[in-house]
Structure formats: structure tokens, C-alpha cells
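These notes are about the structure you will find just below.
All of these numbers come straight from a predicted model, not from anything done at the bench.
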Amino acid sequence: MVQKLKQIVFGKPRDITDPNVFHHVSLIAFLAWVGLGADGLSSSAYGPDEAFRALGPHTHLSPFLVLMTAVTIIVISIAYSNLIEHFPGGGGGYLVATKLLGEKAGVVSGCALLVDYVLTISVSIASSCDALWSFLPPHLAPYKLIAEFGLLSLLIILNLRGVKESVTVLAPIFMVFIITHAFAILYAIGSHFTQLPEVIHGATFEFHGAVSTLGFWPVAFILLRAYSMGGGTYTGIEAVSNGVTMLREPRVKTGKKTMFLMAGSLAFTAGGILFGYMLTHAMPVDGKTMNAVLFENLFGTWKIGSWSFGTSLVVLSLVSEAALLFVAAQTGFLDGPRVLSNMALDSWMPHRFSQLSNRLVTHNGIYIMGLSAAATLLYTSGNITTLVVMYSINVFLTFTLTELGMSRHWIKDRAKEPRWKSQLSIHGTGLVMCLCILFVTLYEKFAQGGWMTVLITTATIVLCFRVRRHYRNVSAGFHDLDRILEATPLPAVPIPPSGSMDKNSPTAILTVQRFSGFGLHQILSIQRLMPGYIKNFIFISVGVVDSGNFKGTEDMAHLEAETRSQLEKYVQWCRSQGLMADYRMAIATEAVETLETLCKQISKEFPRSIVFTGKLIFREEHWYQRLLHNETATALQNRLQFDGLQTIVLPIRVLPSTA
């Protein structure tokens with residue numbers, strides 16, 4: 001019943017041997033626009049709002065803010081479109097900083113991205129509920145935070161079912177938002193079209209008046225502050241470059257098409273909404289978003305007989321906005337676990353974060369992103385102003401490192417890159433823009449939530465270095481074990497078996513991974529433990545499909561060939577020592593359950609078999625070791641012993657006491 005319930009909620013396991021599995025889970029440009037572009041487009045619900053509020057009484061500066069917003073979106077989008085071309089394997093800001101600025105810059109960018117995607121989820125959900133509560137009765141306000149946690153739980157379940165499934169379900173919501181907001185913007189401009197020359201002339205006149213009264217630099221700083229406070233508008237632009245691996249082939253072409261759709265829709269929507277505020281003379285109202293005020297100014301008085309058609313249109317627009325923000329939170333669940341898994345593959349994070357579930361999603365990453373988003377919502381009580389400040393700082397830290405890396409690349413390789421001047425101008429301009437927004441936001445909002453995001457990001461960076469140091473110590477211990485290979489090298493020519501294996505003889509079933517001193521240590525330990533008793537050795541291994549190798553059919557074939565090659569080396573080594581040996585293997589997303597199945601199959605074929613598996617032991621046991629190492633040996637032993645199969649865990653000491 002538990003398994004049936006899991007399948008109903010999360011879906012049936014996917015068949016990783018299906019050659020079309022990548023086609024089934026990848027996204028075409030339109031669905032990528034929905035799943036990844038929704039984050040950028042949805043920022044028009046809170047980015048222009050924060051920017052316009054920051055102008056205060058100087059609303060005549062709105063046209064300049066619209067222009068600056070549109071130019072920034074275009075520049076950053078072009079820069080990240082180039083990124084897709086240069087890094088078609090995905091990874092976005094983390095990979096760019098690692099490759100072009102070094103590992104330390106890479107881990108800073110990666111940690112900023114992780115916090116960014118956590119806040120993508122919490123900002124989107126909080127803003128979604130703000131849109132709904134703009135027209136709901138005030139007495140329902142205490143239930144807003146509860147509603148946010150409910151939406152978060154629903155998103156976790158959707159993403160555990162799979163990437164494509166979650167995006168397909170949310171696509172209609174995305175289109176309703178596009179239609180309602182495009183209509184609102186076009187109507188706002190169209191209904192004031194004859195007044196546009198007067199509006200522009202009035203804004204220019206008031207601008208010159210403000211400059212003559214306050215001075216140029218104070219006015220410039222007001223504009224720069226509003227521009228920076230609206231930094232949330234540009235969040236999400238990097239999402240496509242981070243998630244290239246989930247796109248349909250040809251990925252670069254699909255990625256660039258997605259970036260074009262995202263940039264065009266965001267520039268039109270964010271710029272149009274800002275301009276609409278000014279045209280309709282929208283002013284902040286307590287308990288309402290600026291978009292709610294805009295829609296009420298546009299449609300609030302529309303009636304068809306006794307039916308308040310305009311009110312219904314306002315509610316529809318706000319509901320579509322809330323729904324799109326719900327879709328936008330999806331980006332955090334798509335790209336956040338992917339960044340986490342990339343860092344895990346590089347040993348900056350626990351390796352378990354690179355594992356895939358049987359639905360081929362990074363389930364551990366989804367859980368950690370969801371729990372972290374819940375913590376930020378609880379800490380801020382869903383306050384969108386605080387969340388956007390925390391959000392923007394990390395976004396522009398990543399943007400800055402990315403643009404710095406690409407600028408350095410074009411300067412360094414200018415001799416062999418004919419387009420280096422045009423590319424440097426794009427990335428250099430983006431670098432200046434991102435630095436301005438980052439510094440102004442930190443300066444203005446450090447005491448209003450900025451310090452917390454700096455603290456969280458710094459703590460995450462420190463954690464990454466601690467994790468990396470632990471894995472390096474473990475790796476050093478493995479190098480010591482590999483000296484066994486030097487003492488008993490693999491023969492140059494494979495030695496054929498001396499005869500068929502006696503299935504009634506005592507047989508050792510060994511779980512191994514790569515051919516190394518760790519595995520040979522297990523064989524020698526068995527010989528010391530039971531001298532002359534074991535006659536057959538059967539090596540078993542599972543080629544685990546994780547986020548690092550789940551990229552295409554060729555990668556899967558390489559994983560299978562590599563797993564087989566490593567097992568054949570064990571068999572070859574045993575036969576060179578006069579021992580009977582064979583191997584069994586499987587390709588799966590989960591090691592323990594697959595190993596259990598293999599052991600049961602072999603025990604039926606060899607009734608006098610004993611399962612041996614190696615486990616790292618430490619001089620001092622710490623709680624975090626369970627998080628950093630998968631505890632496969634213990635989990636397998638518990639399962640097999642419950643089924644009546646003899647299982648022995650061989651302790652392998654590889655670390656000094658300081659590790």
C-alpha cells in the first residue's frame with residue numbers, strides 16, 4: 001500500500017534503459033520558457049513595484065527608469081545567451097566562475113546561487129499570496145503565512161514527480177498571465193496614447209526642474225537608488241544557462257530561443273508596468289501591491305449593466321499573477337538542486353545531493369530547497385520587501401562574478417577571438433550594471449535584511465570548504481590503500497579462468513565500485529579472516545545514474561562500459577592470484593536496493609555464499625559523517641540479514657585522527 005501510494009503521489013519509476021528517456025524528460029523552448037522563464041517574467045510582479053516605490057515623490061523619473069530597466073534586461077540576457085554557447089553543458093554562474101576565475105570564486109558563486117534559488121521559491125510564493133490578499137478580505141490576513149506553506153508543500157510534491165510533469169501542469173497558468181498583463185499594458189498605453197507627448201514633455205520638464213532645484217547628482221542618485229531597489233526585476237535571467245542540460249536537443253539552440261522569449265517578454269512586461277504606473281498616476285496603498293492599484297485604475301470602473309466587469313478583470317489579473325508567481329517558484333526547484341548536485345560532484349557539498357530518484361529528479365536537493373525556503377518564509381513572516389532585498393544581493397553577486405569571468409575571458413583570449421571587442425563591451429557593461437546594483441542594495445538595505453543574506457551566504461561558503469576538506473582527507477586515505485596495487489600490479493595480459501566455478505563451493509559476494517586499493521583490501525581481509533575457505537569471488541557493482549552522467553544516451557553507454565571495465569579488472573586480478581572469480585552488474589539510480597536484488601539472485605545460484613561489503617571507519621565518529629557518506633554497507637547489511645543472507649561488513653580504516 002505504501003508503494004502504491006508513493007506511485008500515485010510521485011508517479012511510477014522511469015525506465016533508465018529506455019533510449020527515449022531523455023526525450024521524455026527534456027523541455028522544448030516553450031516549456032523551458034514556462035519552467036525557467038517564469039522566474040524572470042514573474043519578477044514584474046515585485047521588481048517594478050519596489051523600484052517605483054523607491055522613487056517616492058519623483059515619479060517623473062519613471063520614463064528614465066523604464067529605459068534603464070529595458071536596457072539592463074537586454075544586456076544581461078545577451079550576456080547569458082553567450083554563456084549558453086560557451087558552456088553548453090549547463091552550470092551557469094557556478095561553472096563560469098570556477099572555470100574562468102578559479103575554484104574559490106566558483107564556490108562563492110555557487111553558494112550565492114543556492115541561496116538565490118531558495119529565495120526564488122520564498123519570494124515567489126510570498127509575492128503570490130500578496131497578490132491574492134490584495135483583493136481578499138482583511139480579516140483573512142493571519143492565514144497568509146499558512147497558505148504560503150501550503151503552496152510550498154504542493155510544489156515539493158510536483159517536483160518530486162518530475163521536471164516535465166510539473167512544467168506541463170503549470171503551462172496554462174503561464175499563458176493566462178501573459179494574456180491578462182499584455183492586455184493591461186497595451187490598454188494603459190493605448191488609452192493614454194494621445195497624451196503621450198504631453199506626458200513625456202511633462203516628465204522632461206519636471207526632470208530639469210528637479211536638477212535645477214536639487215542638483216544633478218542628487219537626482220542621479222535617486223534614480224540609481226530606485227533602479228537598484230528594482231533589482232529583483234532581473235532575477236531569474238540566469239535560470240536558462242544553469243539548466244541547459246534539461247533542454248531538448250539541440251540544447252544550445254533551444255537555450256538561445258528560450259532566452260529570447262524570456263528577455264522579450266520580461267522587457268515588455270516590466271517596462272510596460274512601470275510606464276503604466278506613471279500614466280495612471282498609481283500611488284502606493286497599504287495592503288495592496290502596485291500592480292493591484294494599476295489594474296484598479298485601469299479596469300475598476302468598467303461595468304456591463306449591473307455587473308462590475310472591471311472588478312472581475314482586476315481579480316482575474318491578480319489571480320493570474322499569483323498563479324505565475326507560483327509557477328516561478330518552480331525555477332528554484334529546477335535549478336537549485338542542479339547547482340547543488342554540480343557542487344556535490346566537485347565535493348563542495350555532500351555527494352548524496354547528486355543522486356537521482358527513480359523519477360530521475362535530484363530528490364535530496366528538492367527536499368533541502370523546500371525546507372530552506374520554509375525557513376526563510378518563517379524568518380521573514382513572508383515579508384516581500386525583506387525577501388526581495390535578501391534575494392537581490394545574492395543574484396547580483398552571482399551576476400557580477402559571471403560577468404567578471406566572461407570579461408576576463410575575452411581580454412585574455414582576445415588574440416584568438418575575433419569578436420572579443422563586441423563581446424567584452426556586452427559583458428563589461430553588464431559587469432558595471434551588476435556592481436552598481438549590488439553595492440547600492442548592500443549600502444541601502446544592509447540593516448533591513450541585507451546582513452542576514454550576507455551571513456547565510458558566508459556560512460554556506462564556510463560549510464563548503466569544510467566539506468571539501470573532509471573529502472580530500474578521505475581521498476588521501478584512499479591513495480594509501482592504492483599502494484596495494486603497486487605491490488600486486490594488474491597483469492598486462494588477461495589470464496583466462498582455470499575452470500568453471502563450483503556453485504556449491506563457499507562463495508564471497510563483494511560489493512565494489514572502481515578498481516582500487518579499497519576493493520583489493522576487502523579481498524585480502526577475507527583471505528585473512530577465512531584462510532583457504534572461500535573458493536569463489538563474485539564482484540557486484542551498480543553504475544549509479546546521477547546528475548553528472550544523466551545527460552544523454554552516450555553518457556549512459558559510457559557509464560555501463562566503465563562499470564563493466566572496473567569489474568573485469570577485479571576478475572582479472574583474482575585470476576592472476578589463482579582465485580576463481582566472476583562479476584555481475586546493473587545500472588540504476590539507487591545503489592542499495594539494486595545491490596540487494598543482485599545479492600539475492602546470486603545467493604540462489606550459489607547457495608553457500610556470504611556477502612561482504614566495505615565500510616569506512618573513523619577514529620572518532622561524528623554526526624556529519626552520515627551525511628557525507630552514503631552508509632551503503634550498513635543499509636545493505638540490514639536488508640540482507642533480514643532476508644536471511646549472511647552479510648559481513650569489513651571495516652576499512654583510511655583516515656588519520658585529524659580527519
Side-chain angles (χ1 to χ4, degrees), residues 39 91-98 101-123 152 235-236 238-239 242 329 331-355 362-380 386-402 404-405 434 438 441-442 445-446 449-472 547 622-628:
D39 181 23
Y94 167 67
L95 184 63
V96 173
T98 300
L101 298 175
E103 285 188 338
K104 292 181 179 178
V107 75
V108 171
S109 181
C111 290
L113 268 176
L114 288 176
V115 179
D116 167 16
Y117 284 126
V118 168
L119 291 166
T120 294
I121 299 168
S122 50
V123 165
L152 180 60
T235 56
E238 84 291 348
N242 287 331
T331 305
F333 284 110
L334 292 180
D335 275 348
R338 192 165 297 278
V339 173
L340 197 58
S341 67
N342 286 336
M343 296 182 73
L345 292 170
D346 292 338
S347 295
W348 290 111
M349 284 287 178
H351 290 160
R352 65 178 66 235
F353 287 124
S354 66
Q355 296 171 358
T362 48
H363 56 297
N364 290 324
I366 290 171
Y367 285 129
I368 201 71
M369 299 302 289
L371 291 173
S372 300
T376 58
L377 286 172
L378 194 61
Y379 168 72
T380 61
T386 304
L387 284 168
V388 168
V389 169
M390 296 172 65
Y391 187 23
S392 299
I393 290 172
N394 279 285
V395 169
F396 283 96
L397 175 57
T398 301
F399 279 3
T400 298
L401 289 172
T402 300
L404 178 62
C434 294
L438 177 62
T441 305
L442 274 171
K445 297 293 185 178
F446 187 79
W451 67 271
M452 178 54 74
T453 193
V454 172
L455 179 63
I456 292 172
T457 306
T458 303
T460 308
I461 294 169
V462 171
L463 174 65
C464 286
F465 278 100
R466 295 294 297 273
V467 170
R468 185 72 174 276
R469 187 176 70 177
H470 175 85
Y471 281 132
R472 281 183 170 175
S547 59
H622 298 285
W623 62 270
Y624 59 81
Q625 290 161 358
R626 291 180 177 272
L627 294 175
L628 299 177

When rounded to the nearest 0.5 angstrom, what distance separates [atom1] in [X] from [atom2] in [Y]?
| X | Y | atom1 | atom2 | result |
| --- | --- | --- | --- | --- |
| N342 | L95 | CG | CG | 7.5 Å |
| I366 | I368 | CD1 | CD1 | 12.5 Å |
| L340 | S372 | CG | OG | 9.0 Å |
| L387 | L377 | CG | CG | 6.5 Å |
| L114 | W348 | CG | CH2 | 13.0 Å |

List the steps and the verdict of side-chain contact (heavy atoms from CB on, under 4.5 Å) for V454 and L442. CA-CA 9 Å; V454 172; L442 274 171; 3.9 Å; yes

Option passing side-chain contact (heavy atoms from CB on, under 4.5 Å) with K445 (candidates T386, T453, I393, V389): V389

For A344 against H351, the heavy-atom pair lying closest together: O-CD2, 3.1 Å

Residues V467 and P350: closest non-hydrogen pair is CG1-N, 4.1 Å

Please, which pairs that meet side-chain hydrogen bond (donor to acceptor under 3.5 Å, both in side chains) have at least one residue in residues 110-122, sequence neighbours excluded? D116-T120, Y117-E238, Y117-N242, Y117-D335, T120-Y391, S122-T376

Scan for salt bridge (Lys or Arg N to Asp or Glu O under 4.0 Å) pairs involving residues 460-469, sequence neighbours excluded, and state none if there are none. E103-R468

Just do the side-chain contact (heavy atoms from CB on, under 4.5 Å) check on T460 and M349 with the steps written out, would you? CA-CA 10 Å; T460 308; M349 284 287 178; 4.0 Å; yes

Backbone N/O of M452 and side chain of Y379: donor-acceptor pair under 3.5 Å: no

What do the steps show when you test S347 against R472 for side-chain contact (heavy atoms from CB on, under 4.5 Å), and what is the final call? CA-CA 9 Å; S347 295; R472 281 183 170 175; over 6 Å; no

